[in-house]
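Written out below as structure tokens is the structure these notes cover.
The basis for the numbers below is simple: all heavy atoms, side chains too, and nothing from hydrogens, waters or symmetry mates. Labels below follow one simple rule: chain letters A, B, ... track the order of the sequence lines, proteins then strands, and each chain is numbered from 1.
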2 protein chains.
Amino acid sequence: MARLKDIAEASGVSIRTVGRALKGAGYVHKDVRERVLASAKELDYRPHRLARSLRTGRSHEVLVLAGGIGGQRDELHIAKIAGMERALRAGDMALGLLFGLEDQARRQNRDLLDELISRRPGGIALFPGDGPQAKPAARRLEVGGVPYIFLDHPDRDVDAVRHDRQQGVHEAVTYLASRGRKRIAYVGVIDERSRLDGYERTMRELGRPPIIVPMPKPTWEDGRKAASAVAALDPRPDAIMGYSDIVALGILAGLHELGIKIPAEIAVIGFDDRMAASLSFPPLTTVQQDNDALGVAAAEVLLAKVRGDPPPAGGWSRLLPTRLIVRAST
Amino acid sequence: MARLKDIAEASGVSIRTVGRALKGAGYVHKDVRERVLASAKELDYRPHRLARSLRTGRSHEVLVLAGGIGGQRDELHIAKIAGMERALRAGDMALGLLFGLEDQARRQNRDLLDELISRRPGGIALFPGDGPQAKPAARRLEVGGVPYIFLDHPDRDVDAVRHDRQQGVHEAVTYLASRGRKRIAYVGVIDERSRLDGYERTMRELGRPPIIVPMPKPTWEDGRKAASAVAALDPRPDAIMGYSDIVALGILAGLHELGIKIPAEIAVIGFDDRMAASLSFPPLTTVQQDNDALGVAAAEVLLAKVRGDPPPAGGWSRLLPTRLIVRAST
DNA sequence: TTGTATGCGTTATCAA
DNA sequence: TTGATAACGCATACAA
């Protein structure tokens with residue numbers, strides 16, 4: 001593979017001149033520049049990124065730490081990563097990917113952060129559910145001078161790009177009301193505030209009492225069980241705002257078992273717009289999060305941090321809008 | 001960050017000695033070695049991978065080209081990538097990830113392969129659906145001396161790790177027969193041979209005539225429509241082997257609309273074990289492909305190629321078994 | 001058993 | 001406007 005030296009010899013100038021000509025900066029005679037560029041093209045020159053990084057001390061790689069338990073193989077990750085990669089590549093950065101370890105290996109996950117830093121990346125993007133807790137990890141990265149961004153991490157104290165879940169639920173519940181639903185229940189775990197806050201706020205706006213059916217874990221099975229609980233309420237709700245698509249699909253299954261017609265008797269809305277939401281019976285209305293856009297936003301923050309841009313007023317964190325996808329379950 | 005030089009100064013020896021001591025090869029006095037190792041630990045020494053690679057000419061990175069149209073955000077990719085990453089890391093290799101471009105940018109995808117090669121990776125893993133066609137891409141990589149592996153690519157002429165789809169269908173259809181199903185239909189696109197071959201072979205084994213319901217595209221909507229076609233057959237099939245989970249879930253929806261009971265009247269099996277398969281009503285019996293294992297296998301082939309191992313008898317390609325996951329749809 | 005010196009390909013310093 | 005040359009951190013041929 002062609003080096004600067006090869007181009008220099010081919011075009012009869014020094015290496016330094018080749019460097020200037022290719023970079024486009026500094027004084028280079030027009031004729032010389034053209035000659036050099038021609039040689040470079042001819043030899044199919046590609047800069048050796050390693051050598052460049054070694055010399056400048058600037059990394060052209062962003063490391064992404066994905067995974068941890070459960071989330072490790074989450075389909076929603078891939079779109080975020082794809083968005084990041086595209087935006088990073090446009091900014092002349094490559095993306096390196098690592099996965100966290102299982103739960104029992106917490107200590108090894110701490111070491112993992114060390115390893116990430118020791119690879120001297122230009123920046124680090126972290127998914128929630130990784131070994132190290134968010135705040136200590138962020139502090140460690142700040143101390144180490146490594147630009148970082150969290151993706152969709154609930155902890156407000158760290159720089160993160162997030163989806164506006166509260167707004168998503170607000171739009172969904174408002175939509176249910178606009179379609180004439182009178183008794184809209186919320187089914188979900190109650191320790192996740194953003195969605196629940198969105199629901200309660202909206203019900204207040206609508207002047208209606210909230211109907212909250214708590215569940216221990218946001219699983220399909222608990223969703224299925226919750227369907228019975230909802231159906232047993234008197235008066236019975238005519239709409240359900242589910243915590244997630246997984247929960248909502250469990251609710252769908254539970255309602256089917258009870259012989260309850262969807263959406264005629266009860267409408268159901270999910271959250272996430274997983275692939276499964278478009279493949280259910282009936283296809284599930286849901287709140288879509290633009291994961292590609294989230295990845296792009298994360299990359300943009302990282303690129304800005306790498307460039308040394310000053311943090312914008314209000315900090316680096318960004319909140320992205322969500323969108324209601326209406327399907328046949330409402 | 002500590003360099004070899006720092007350790008050398010701290011322990012009062014030369015850089016060369018530090019190198020030998022850390023590597024564990026060559027003659028180093030025991031006391032000296034201990035002193036050096038202690039300093040290294042104290043200073044938290046981490047080798048600078050870039051410098052090492054630049055010097056040795058050996059890359060410690062494998063690039064993964066994922067994506068292309070449609071498949072770009074496929075949830076099944078993430079498990080493969082995770083498996084690869086884990087296995088690569090164990091082999092002291094890092095994973096770099098790139099995504100192909102949309103269909104209209106075919107020419108740019110050709111350039112993409114150039115870019116991959118020009119980054120001088122230790123190896124390259126390619127997902128199907130990428131811009132360059134498999135055979136020319138493989139030849140280009142072979143000429144360039146870059147070890148490669150395709151993941152689940154149908155083209156038999158390239159080195160690839162694949163799932164044994166034929167075997168998966170065989171197991172599924174055999175299972176249906178063992179559960180007393182008499183008329184087992186196959187619903188799918190007929191230009192994909194491996195699954196169809198598995199079905200036809202099994203029906204032959206069972207001494208039954210095949211019932212093939214072709215569909216134009218393997219989509220949920222076409223699956224839904226195919227359900228009517230199946231239901232209209234006389235005699236009506238009592239089991240359906242679906243081309244994929246997406247198709248099978250469409251079939252489920254179509255059967256629900258017709259008021260046909262699943263699995264009492266018709267059993268349904270899918271293929272892929274997507275997340276959606278476990279979230280449907282009823283949960284879908286399906287053929288699981290161990291994508292994590294596929295990623296691991298791909299990494300192993302790549303690591304062997306990088307080491308310069310001779311190709312095993314029968315070539316580098318590997319075929320991985322699939323597994324039937326029985327749920328409530330059968 | 002240990003040390004010196006060189007080069008990987010690039011960028012940057014400084015002089016010409 | 002251009003060219004020698006040093007340096008990034010590591011690995012290794014060669015000398016001691």
Test for a donor-acceptor pair under 3.5 Å between the base of D:dA11 and the side chain of B:Arg52, counting only N and O atoms.
-> no
Report the distance from atom CZ of B:Arg20 to atom P of D:dC10, rounded to the nearest whole Å.
-> 17 Å
Using atom NE2 of B:His60 as one end and atom P of D:dG9 as the other, report the distance to the nearest whole Å.
-> 18 Å
Output for pair (B:Phe150 CZ, B:Leu126 CG), nearest 0.5 Å, gives 4.5 Å
For residues 293-306 of chain B, pull every pair meeting salt bridge (charged side-chain N to carboxylate O under 4.0 Å, His left out), keeping only residues two or more places apart or in separate chains.
-> B:Asp159-B:Lys305, B:Glu300-B:Arg318
Using the heavy-atom set of chain A and a strict 4.0 Å cut-off, write down the first and last nucleotide of DNA chain C that makes it in, 5' to 3'.
-> C:dG9 to C:dT13
From D:dG3, D:dT12, D:dC10, pick the nucleotide closest to the side chain of A:Val13?
-> D:dG3
Between C1' of D:dT2 and CG of A:Asp31, the distance in whole Å = 14 Å
Just how far, in rounded Å, is P of D:dA4 from CG of A:Leu4?
-> 15 Å
How far apart are the C-alpha atoms of A:Asp31 and A:Arg33, what are their side-chain angles, what is the distance that settles it, and do they pass the salt bridge (Lys or Arg N to Asp or Glu O under 4.0 Å) test?
-> CA-CA 5 Å; A:Asp31 297 349; A:Arg33 159 164 295 148; over 6 Å; no
Rounded off to whole Å, could you give me the CZ-to-C1' distance for the B:Arg55 and D:dG9 pair?
-> 11 Å
Distance col, row B:Lys5:NZ vs B:Ile15:CD1, nearest 0.5 angstrom, shows 7.0 Å
Spacing of B:Leu50 atom CG relative to D:dA11 atom C1', expressed in whole Å | 15 Å
With a 4.5 Å heavy-atom cut-off, do B:Lys135 and B:Asp155 have their side chains touching?
-> yes
Would you kindly give the CZ-to-P distance between B:Arg16 and D:dA13, to the nearest whole Å?
-> 8 Å
Quick one: is D:dT12 close enough that its OP1 or OP2 comes under 4.0 Å of any side-chain N or O from B:Lys23?
-> yes
A:Lys30 NZ to D:dT2 P, in whole Å, measures 14 Å
Are A:Thr17 and D:dG3 close enough that a side-chain N or O sits under 4.0 Å from OP1 or OP2?
-> yes
Any B:Leu151 side-chain heavy atom under 4.5 Å of B:Met84 side chain | yes
Other residues, nucleotides, ligands: >12 heavy atoms within 6.0 Å of B:Glu42 CD = no
Any side-chain heavy-atom pair of B:Glu61 and B:Arg120 under 4.5 Å = no
By nearest-nucleotide position on DNA chain C, the 5'-leaning member of B:Gly12 and B:Thr56 is B:Gly12
Net bend of the helix from C:dT1-D:dA16 to C:dA16-D:dT1, end axes of five pairs each, nearest 10 degrees = 50°
Comparing B:Gly19 with B:Met1, nearest DNA chain D nucleotide closer to 5' gives the residue B:Met1
Salt bridge flag under 4.0 Å for residues B:Arg162 and B:Asp152 | no
